[in-house]
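Data first, discussion second: the structure below is written as structure tokens.
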Amino acid sequence: GEALVTEMAETGRLVRFMQVNTTDLEQVEAAAQEVKTQYGSLDILINNAGITRDATLKKMTMDEWNSVINVNLTGVFNCSKAASSHMADNKYGRIVNAASVVALYGNFGQTNYAATKAGVLGMTKVWAKELGKKGITVNAVAPGFIRTEMMEAIPASVLEGLENKTPLGRLGTPEEVAHLYTFLASEEAAFINGSTISIDGGLTL
């Protein structure tokens with residue numbers, strides 16, 4: 001985080017890094033208030049924090065279940081709750097939630113992860129209805145298999161299989177997903193609300 005701040009500063013951008021435990025509502029609310037205080041408004045929230053603790057239903061422990069639920073679902077709730085109150089004050093806001101193709105179609109060994117991402121889709125639709133009249137749009141992005149650090153633990157043979165299943169013949173890149181986030185957070189997407197947009201190279205066709 002600090003390295004990114006330095007890198008952005010060299011390009012003339014003002015960036016602030018804060019380390020926050022998203023499962024702790026008090027920490028999240030304090031960070032949101034600090035943003036409001038320093039910058040005058042809190043306009044955009046990208047709910048992108050997520051973890052995996054994969055295991056089959058038979059082998060999954062309660063710790064593996066709870067840790068994923070706490071970060072991937074409760075964390076999204078906490079951040080949206082804290083940010084939306086500030087957005088409502090200004091009658092403007094963009095909330096973009098990181099879901100997953102797994103939320104739509106499931107994935108072997110990911111009961112906890114799929115449950116959280118499906119929950120995120122449900123919350124997205126509820127919040128779109130609740131917050132729309134306050135000038136806040138809420139949408140979700142459902143990436144397929146993206147070449148991130150999370151994917152590095154997957155054997156090369158499995159990754160090759162995923163690439164072969166994708167009509168485009170490759171995994172996505174973080175930059176491609178970021179472009180979609182940027183669009184949904186922009187004025188050009190002002191009338192998109194409550195939507196889930198898949199970005200998976202056609203994997204789910």
Considering all heavy atoms of both residues, which atom of [X] and which atom of [Y] are nearest to each other, and what is their separation?
{"X": "Gly201", "Y": "Pro167", "value": "O-CD, 3.3 Å"}
{"X": "Ser41", "Y": "Val35", "value": "O-CG1, 4.0 Å"}
{"X": "Asn48", "Y": "Ala98", "value": "OD1-CB, 3.6 Å"}
{"X": "Ala88", "Y": "Lys134", "value": "CB-CD, 3.9 Å"}
{"X": "Ala99", "Y": "Pro143", "value": "O-CD, 3.5 Å"}

[atom1]-[atom2] distance between [X] and [Y], expressed to the nearest 0.5 angstrom:
{"X": "Leu121", "Y": "Thr116", "atom1": "CG", "atom2": "OG1", "answer": "10.0 Å"}
{"X": "Glu10", "Y": "Thr6", "atom1": "CD", "atom2": "OG1", "answer": "7.0 Å"}
{"X": "Glu29", "Y": "His86", "atom1": "CD", "atom2": "NE2", "answer": "8.0 Å"}
{"X": "Ser84", "Y": "Leu131", "atom1": "OG", "atom2": "CG", "answer": "5.5 Å"}
{"X": "Lys125", "Y": "Thr196", "atom1": "NZ", "atom2": "OG1", "answer": "5.0 Å"}
{"X": "Leu73", "Y": "Asn66", "atom1": "CG", "atom2": "CG", "answer": "11.5 Å"}

Heavy atoms, side chains only, cut-off 4.5 Å: are [X] and [Y] in contact?
{"X": "Leu104", "Y": "Thr204", "answer": "no"}
{"X": "Val28", "Y": "Val20", "answer": "yes"}
{"X": "Tyr113", "Y": "Ile51", "answer": "no"}
{"X": "Asn72", "Y": "Val120", "answer": "no"}
{"X": "Arg16", "Y": "Tyr39", "answer": "yes"}
{"X": "Met18", "Y": "Gln27", "answer": "no"}
{"X": "Val15", "Y": "Val5", "answer": "yes"}

Applying side chain to side chain contact (heavy atoms under 4.5 Å, CB included) to Gln110 and Asp54, what does each step give before you reach the verdict? CA-CA 5 Å; Gln110 289 196 312; Asp54 295 351; 3.2 Å; yes
Please answer: with hydrophobic residues joined when any side-chain heavy atoms are less than 4.5 Å apart, are [X] and [Y] in the same cluster?
{"X": "Ile69", "Y": "Met60", "answer": "yes"}
{"X": "Val96", "Y": "Ile44", "answer": "yes"}
{"X": "Ile146", "Y": "Phe183", "answer": "yes"}
{"X": "Val68", "Y": "Val101", "answer": "no"}
{"X": "Phe17", "Y": "Met8", "answer": "yes"}

Counting heavy atoms not belonging to [X], are there more than 12 under 6.0 Å from its [atom1]?
{"X": "Tyr92", "atom1": "OH", "result": "yes"}
{"X": "Lys36", "atom1": "NZ", "result": "yes"}
{"X": "Glu149", "atom1": "CD", "result": "no"}

Say whether, by atom type as modelled, one donor and one acceptor occur between the side chain of [X] and the main chain of [Y] under 3.5 angstrom.
{"X": "Asn97", "Y": "Asn47", "value": "no"}
{"X": "Asn139", "Y": "Ser195", "value": "yes"}
{"X": "Asn193", "Y": "Ala128", "value": "yes"}
{"X": "Asn112", "Y": "Glu64", "value": "yes"}
{"X": "Ser100", "Y": "Val102", "value": "yes"}

Using the rule given for side chain to side chain contact (heavy atoms under 4.5 Å, CB included), can you reason through Leu45 versus Met87, listing the C-alpha separation, both sets of side-chain angles and the distance that settles it, and then say yes or no? CA-CA 10 Å; Leu45 170 65; Met87 293 174 177; 3.9 Å; yes
For Val76 and Trp127, what are the C-alpha separation, side-chain angles and deciding distance, and is it a side chain to side chain contact (heavy atoms under 4.5 Å, CB included)? CA-CA 12 Å; Val76 173; Trp127 296 340; 4.0 Å; yes
Can His179 and Ile199 be said to form a side chain to side chain contact (heavy atoms under 4.5 Å, CB included), step by step? CA-CA 11 Å; His179 290 319; Ile199 177 166; over 6 Å; no
Indicate whether any N or O donor in one side chain lies under 3.5 Å from an N or O acceptor in the other, for Thr61 and Asp63.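 No, no side-chain donor-acceptor contact under 3.5 Å.
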Verify the distance criterion only: is there a donor paired with an acceptor across the side chains of Gln33 and Thr37 at less than 3.5 Å?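 On atom types as modelled, these side chains qualify, holding a pair under 3.5 Å.
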Strictly below 4.0 Å, N to O, side chains only: are Glu187 and Arg94 in salt-bridge contact?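 So Glu187 pairs with Arg94 through a salt bridge.
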